[in-house]
A.B. asks: 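Could you have a look at this structure, given as structure tokens, before my questions?
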Protein chains: 2
Amino acid sequence: MPQPRTHRDTAANRPGSPPAAGGPPRAHAIRAAALELFTQRGYAATTMADIGAAVGVRGPSLYKHVSSKQALLAQIMTGTMDALLAAHRTAVAGTEDPTERLRRATEAHVRYHARHRLEAFVGNREIRSLEEPHRTAVLARRDAYEKAFRELVEAGIAAGRFHVASARLASYAILDLGMGVAVWYREDGELTEDQIVYQYGDFALLLVGAG
Amino acid sequence: MPQPRTHRDTAANRPGSPPAAGGPPRAHAIRAAALELFTQRGYAATTMADIGAAVGVRGPSLYKHVSSKQALLAQIMTGTMDALLAAHRTAVAGTEDPTERLRRATEAHVRYHARHRLEAFVGNREIRSLEEPHRTAVLARRDAYEKAFRELVEAGIAAGRFHVASARLASYAILDLGMGVAVWYREDGELTEDQIVYQYGDFALLLVGAG
DNA sequence: AAGTTCGGCTAGTACATGTTAGCGGGATCG
DNA sequence: CGATCCCGCTAACATGTACTAGCCGAACTT
């Protein structure tokens, strides 16, 4: 028999807690816990009770803050894709030089996958767990992102600055490099974020035969 | 109420079917169906009934041929890692030249991920679904594979043939390239297996600054 | 002080799923 | 021709899980 339970008085529980940007703080903590668990175990293998336990609450209590497990995933995935696209646009906005544009886009890509590795990891792997209409929406953004990179490479080829047989293959390769970072990067690893970012930027230019 | 069912008479059902290598033909068909479904939906989201339906049989009937869903996954994963390690050993056996060894290892890596993309895909993504002791066994083989690549790069650096800041980073990059292939490669795509293999072999040498 | 809101909790519902038990038909073997 | 084996089936079991219903205490509001 479970013992009788009374209310817990955690820091996040107290109404006096610091009001965070981006919605109620509790909902934010739940999304963060879900993100971690989705990364570790996968969406299907994560239960609402697991997520609840991670924030010090029973499974059903989560429904006071989020509408469903699927909504939790959808928020994570669409937010991630939007952030990635925004980072890309900012990166390429500053210059018209093809080499510099590709370098900056690659650096932004890799930096995002290192700094937000959980989001990027889940964003890449759980597309199949997303139900419609969110899946279509996320896939559309993914395609747009991929296309943007491919066009960057094509522009460099057209300008005679890049020398590579297939723009498609080169852009896939660069994108895959970044996604790999989200898999193995650790903040306490032997390579710093900047080291990886700059090195991978160089790799991208080598791949397309620039300079 | 479901209608009464009688025995189906599928090709794979008839005892006179061609005896295939590698065990009873029915068990092989089940593994193949499981592989495809694990790829599409993930291990946790695939049910025994799904696998059964793919081979024209009810879920429980599968237990006449396999011992459990987990065993199905374990067979796929350990078989894949063994095949990958074997391909690597064969690839590097022919020469002592660091550049040529890295090229051949990369080509073998990429070719495996293209030709056996389902196995490679599941092998990369479902490690967390593997229970002990299989998970530890597969991870050990994965580490060995990764280490073999890193040592290939280190050997080239030591010989003064490669010029790259971090052997670890370069080997991760090369391995990630191959894994990406398993995600997007399609037999009917616009790039042939050989085109990808040779191009990626070149990419690997560019990354490590050979030549 | 009374009422309202917030956000926990337990209990319960509806359903899905891995696996076992046991049945039965057809092919093979002696 | 009878026994056995192979391999399908349905039924059932045990468990797990997303989510709903409804209760209740504490804090905030007026």
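In this text, all values refer to a predicted model and were calculated from it rather than measured experimentally. Side chains included, hydrogens not; waters and symmetry mates left out as well; all remaining heavy atoms used. In what follows, every chain begins at residue 1, and chains take the letters A, B, ... in the order their sequences are listed.
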A.B. asks: Return the set of residues passing salt bridge (Lys or Arg N to Asp or Glu O under 4.0 Å) with B:E119 (not counting sequence neighbours), or none when no residue passes.
C.D. replies: none
A.B. asks: What donor-acceptor contacts under 3.5 angstrom involve side-chain atoms of residues 72-83 of chain B, with partners at least two apart or in another chain?
C.D. replies:
residue: B:Q75; atom: OE1; partner: B:R31; partner atom: NH1; Å: 2.8
residue: B:T78; atom: OG1; partner: B:A74; partner atom: O; Å: 2.9
residue: B:T80; atom: OG1; partner: B:I76; partner atom: O; Å: 2.7
residue: B:D82; atom: OD1; partner: B:R141; partner atom: NH1; Å: 2.4
residue: B:D82; atom: OD2; partner: B:R141; partner atom: NH1; Å: 3.0

A.B. asks: For A:E190, enumerate each residue passing the salt bridge (Lys or Arg N to Asp or Glu O under 4.0 Å) test, keeping only those at least two apart in sequence or located in another chain.
C.D. replies: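 Applying salt bridge (Lys or Arg N to Asp or Glu O under 4.0 Å) to A:E190 gives B:R168.
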A.B. asks: Side chain of A:P60 only, heavy atoms from C-beta on: which candidate in D:dT17, D:dC9, C:dA11 is closest?
C.D. replies: C:dA11
A.B. asks: Quick one: list whatever passes side-chain contact (heavy atoms from CB on, under 4.5 Å) with A:A91, sequence neighbours left out.
C.D. replies: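 For A:A91, the residues satisfying side-chain contact (heavy atoms from CB on, under 4.5 Å) (neighbours in sequence not counted) are A:R104, A:A108.
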A.B. asks: For the pair made of CD in B:E131 and P in C:dT19, what is the distance, rounded to whole Å?
C.D. replies: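 After rounding, the gap between these two atoms is 9 Å.
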A.B. asks: Pairing donors with acceptors under 3.5 angstrom, does anything connect the side chains of B:Y145 and B:H109?
C.D. replies: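 B:H109 and B:Y145 do have a side-chain donor-acceptor pair below 3.5 Å.
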A.B. asks: Can you check the A:M48 CE to C:dT13 P distance for me, whole Å?
C.D. replies: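 Value for this atom pair: 21 Å.
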A.B. asks: Nearest whole Å is fine: how far is C:dA21 C1' from B:Y63 OH?
C.D. replies: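 Atom-to-atom, B:Y63 to C:dA21, this comes out as 14 Å.
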A.B. asks: Of all of residues 33-41 of chain A, which get a heavy atom below 4.0 angstrom from DNA chain C, listed by number?
C.D. replies: none
A.B. asks: Choose from D:dC23, D:dC7, D:dT17 the nucleotide whose nearest atom is closest to any side-chain atom of B:K64.
C.D. replies: D:dC7
A.B. asks: Of the nucleotides C:dG8, D:dG8, C:dT19, which has the atom closest to the B:R26 side chain?
C.D. replies: D:dG8
A.B. asks: If the condition is side-chain hydrogen bond (donor to acceptor under 3.5 Å, both in side chains), which residues does B:R115 pass it with, not counting sequence neighbours?
C.D. replies: B:E193
A.B. asks: Going by the rule side-chain hydrogen bond (donor to acceptor under 3.5 Å, both in side chains), which residues pair with A:R103 if we only count those two or more places apart in sequence or in a different chain?
C.D. replies: A:D202
A.B. asks: Quick one, which residues of residues 67-78 of chain B touch DNA chain C with a heavy atom under 4.0 Å?
C.D. replies: B:S68, B:K69
A.B. asks: Of all residues at least two apart in sequence or in a different chain, which pass the side-chain hydrogen bond (donor to acceptor under 3.5 Å, both in side chains) check with A:D50?
C.D. replies: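 Here the qualifying residues are A:R41, A:T47.
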A.B. asks: Check this one for me: any side-chain N or O of B:S61 less than 4.0 Å away from OP1 or OP2 of D:dC7?
C.D. replies: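 No, because none of the side-chain N or O atoms of B:S61 sits under 4.0 Å from OP1 or OP2 of D:dC7.
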A.B. asks: Rounded to the nearest angstrom, tell me the gap between atom NE2 in A:H65 and atom C1' in D:dC19.
C.D. replies: 15 Å
A.B. asks: Please report the distance, rounded to the nearest Å, between CG in A:L62 and P in D:dA18.
C.D. replies: 10 Å
A.B. asks: Report the residue (B:G59 or A:A44) whose heavy-atom-nearest nucleotide on DNA chain D is the more 5′ of the two.
C.D. replies: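 Checking each residue's closest nucleotide, the 5'-ward one belongs to B:G59.
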A.B. asks: Measure the distance from CG on A:D50 to C1' on D:dG16 and round it to the nearest whole Å.
C.D. replies: 11 Å
A.B. asks: Is it true that B:E146 and B:R142 have a side-chain N and a carboxylate O under 4.0 angstrom from each other?
C.D. replies: no
